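Taking it in order: structure first as structure tokens, then the write-up.
Sequence positions, counted from 1, serve as the residue numbers for this chain. Keep in mind it's a predicted model, so treat the numbers as computed, not measured.
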Amino acid sequence: MRSGVFAFCYATIAAGLLAACDNQRPLEPSRGLEAPRAQRGGIKNATGFATLTTLPSLARGVNAEAYGVDRAGSIIAGYSRDRTDRMNPVTWTQQNGTWAINALPYPASATSAVARAVNDAGDVAGNDFPATTPHALLWPAAGGSEPLGCGELGEVFGMSAAGRVVVGVDRHVAPAIAALWLPGNCREDLPALFAGGSASALAVNGDGTIVGGSAQPAAESKFQVPVRWRLVAGAWQIDQLDSRSGTVYGANAAGDLAGTVSVSCESSSTCNRGVIWYA
């Protein structure tokens, strides 16, 4: 979910989901779970490990990406551009054995919006644009849309599977602030590793008590390290998970966190390595 636009495009295959590329999208991870075998009708790869299913777009030939999925694999959240090239928040759901796309509403004052996370109740979270003034949004399973917080800026990247704890970042201030939204409350800024340091929240566990992301380790540092925030006695505490440059990108219900760190390697100055940090 998340502003930081790069001219590149990639497709993410997340155990059974194939999302189309967009060469004008904010840099953020895509996440997903493989849909039950009975729901899959794509092409098997040579090993038979998974199938690939192309999700429909709002118009033929336009870009679309899937960013989040519920644990049942039945609701997927993301965006699709339309014929006017506007970015629309969408969900994909199973209907009669095929995936159907549904455009979500967003404020008339916004230029576009994106959905980046979905919980097990079918609630969807994301944010609107323009990139200079994004606001966190919730699309309840019952329908409609509603703003999160008290009008503050922020980009959304994750939501707890068992509730509506939404995490993200406000990078429109210096330094960037890791942020969290609780239902009916204003945005809560998560602590940095030091006063005045920057941080980003990108993932959250099932009950919203463990958040993962990255933070600047010291004032002179030009990089960020992987961190987690834990809710302890009603207050958020930050833990540095590694001294190397890296980021937490995903969390499971228990609070195990997954991401990357940078290490030295022969082929280039640095290489990324996948890491899991257990709860």
(request) Consider only side-chain heavy atoms of I, L, V, M, F, W and Y, link residues closer than 4.5 Å, and tell whether Trp99 and Val90 are in one cluster. (result) yes
(message) If hydrophobic clusters are built by linking Ile, Leu, Val, Met, Phe, Trp and Tyr wherever their side-chain heavy atoms come under 4.5 Å apart, do Val227 and Val248 end up in the same one?
(response) no
(request) Taking the side chain as every heavy atom from C-beta outward, state whether Pro134 and Glu155 have any pair of such atoms under 4.5 Å apart. (result) yes
(request) Give the other cluster members for Val124, using side-chain heavy-atom distances under 4.5 Å between Ile, Leu, Val, Met, Phe, Trp and Tyr residues; answer none if it is isolated. (result) Ile75, Leu104, Tyr106, Val118, Leu137, Trp139
(request) Nearest 0.5 Å please: distance from the CG atom of Leu180 over to the CD atom of Glu188. (result) 5.5 Å
(message) Tell me the closest heavy-atom pair linking Ala176 and Val169, and the distance in Å.
(response) CB-CG2, 4.2 Å
(request) Please tell me if the side chains of Phe194 and Pro217 come closer than 4.5 Å, counting only heavy atoms from C-beta onward. (result) no
(message) Using 0.5 Å steps for rounding, measure from the OG atom of Ser160 to the CG atom of Asn119.
(response) 6.5 Å
(request) Provide the full list of salt bridge (charged side-chain N to carboxylate O under 4.0 Å, His left out) pairs with a residue in residues 122-143, sequence neighbours left out, each pair given once. (result) Asp123-Arg164
(request) Scan for side-chain hydrogen bond (donor to acceptor under 3.5 Å, both in side chains) pairs involving residues 202-214, sequence neighbours excluded, and state none if there are none. (result) Asn205-Asp207, Asn205-Thr209, Asp207-Thr209, Ser214-Gln224
(message) Please determine whether residues Leu193 and Leu231 belong to a single hydrophobic cluster, defined as Ile, Leu, Val, Met, Phe, Trp and Tyr linked transitively by side-chain heavy-atom distances below 4.5 Å.
(response) yes
(request) Kindly give the cluster partners of Val232, where membership spreads through any ILVMFWY side chain lying under 4.5 Å from a current member. (result) none
(request) Would you mind telling me which of Val114, Val62, Asn88 makes a side chain to side chain contact (heavy atoms under 4.5 Å, CB included) with Ser80? (result) Val62
(message) Using 0.5 Å steps for rounding, measure from the CD atom of Gln95 to the CD1 atom of Ile101.
(response) 11.5 Å
(request) Without swapping roles, check the side chain of Trp229 against the backbone of Leu190 for a donor-acceptor pair under 3.5 Å. (result) no
(message) Rounded at 0.5 Å granularity, tell me how far NE2 in His172 sits from OG1 in Thr132.
(response) 6.5 Å
(request) Please round to the nearest 0.5 Å and tell me the distance separating atom CH2 of Trp92 and atom OG of Ser57. (result) 7.0 Å
(request) Quick one: pull up CG in Asp120 and CE in Met159 and give me the separation to the nearest 0.5 Å. (result) 9.5 Å
(message) Quick one about Asn272 and Thr260 (side-chain donor to acceptor, distance below 3.5 Å, no hydrogens or angles considered), yes or no?
(response) no
(message) I need the minimum non-hydrogen distance between Val211 and Ala201, along with the two atoms involved.
(response) CG1-CB, 3.7 Å
(request) Heavy atoms only: give me the nearest Val225-Ser243 pair and the separation to one decimal. (result) CG1-O, 3.8 Å
(message) With a 4.5 Å cut-off on side-chain heavy-atom distances among I, L, V, M, F, W and Y, is there a chain of contacts connecting Leu241 to Val263?
(response) yes
(request) Might you point out which heavy atoms bring Ala254 and Ala279 nearest each other, and give the distance in Å? (result) O-CB, 3.6 Å
(request) Return the minimal non-hydrogen interatomic distance between Ile210 and Gly255, and the atom names on each side. (result) CD1-CA, 3.9 Å
(request) Please write out which residues are connected to Tyr278 in a hydrophobic cluster, directly or through intermediates, given that two of Ile, Leu, Val, Met, Phe, Trp, Tyr count as joined at side-chain heavy-atom separations below 4.5 angstrom. (result) Ile276
(request) Let me see the working for Leu202 and Thr247 under side-chain contact (heavy atoms from CB on, under 4.5 Å), right down to the final yes or no. (result) CA-CA 9 Å; Leu202 304 178; Thr247 303; 3.4 Å; yes
(request) Could you check if a side-chain atom of Tyr67 sits within less than 4.5 angstrom of a side-chain atom of Ile76, using non-hydrogen atoms only? (result) no
(request) Verify, without hydrogens or angle tests, whether Glu146 (side chain) and Pro140 (backbone) share a donor-acceptor contact under 3.5 angstrom. (result) no
(request) Scan residues 229-247 for pairs that pass salt bridge (charged side-chain N to carboxylate O under 4.0 Å, His left out), counting only residues two or more places apart or in two chains. (result) Arg228-Asp239, Arg230-Asp239, Asp242-Arg244
(message) If you compare all heavy atoms of Ala59 against all heavy atoms of Asp82, which two are closest, and at what distance to 0.1 Å?
(response) CB-C, 4.3 Å
(request) Ignoring hydrogens and angles, tell me if any N or O in the side chain of Glu152 forms a donor-acceptor pair with the backbone of Arg187 under 3.5 Å. (result) yes
(request) State yes or no: do Ile238 and Val165 share one hydrophobic cluster built from I, L, V, M, F, W and Y residues joined by side-chain heavy-atom distances below 4.5 Å, directly or via other members? (result) yes
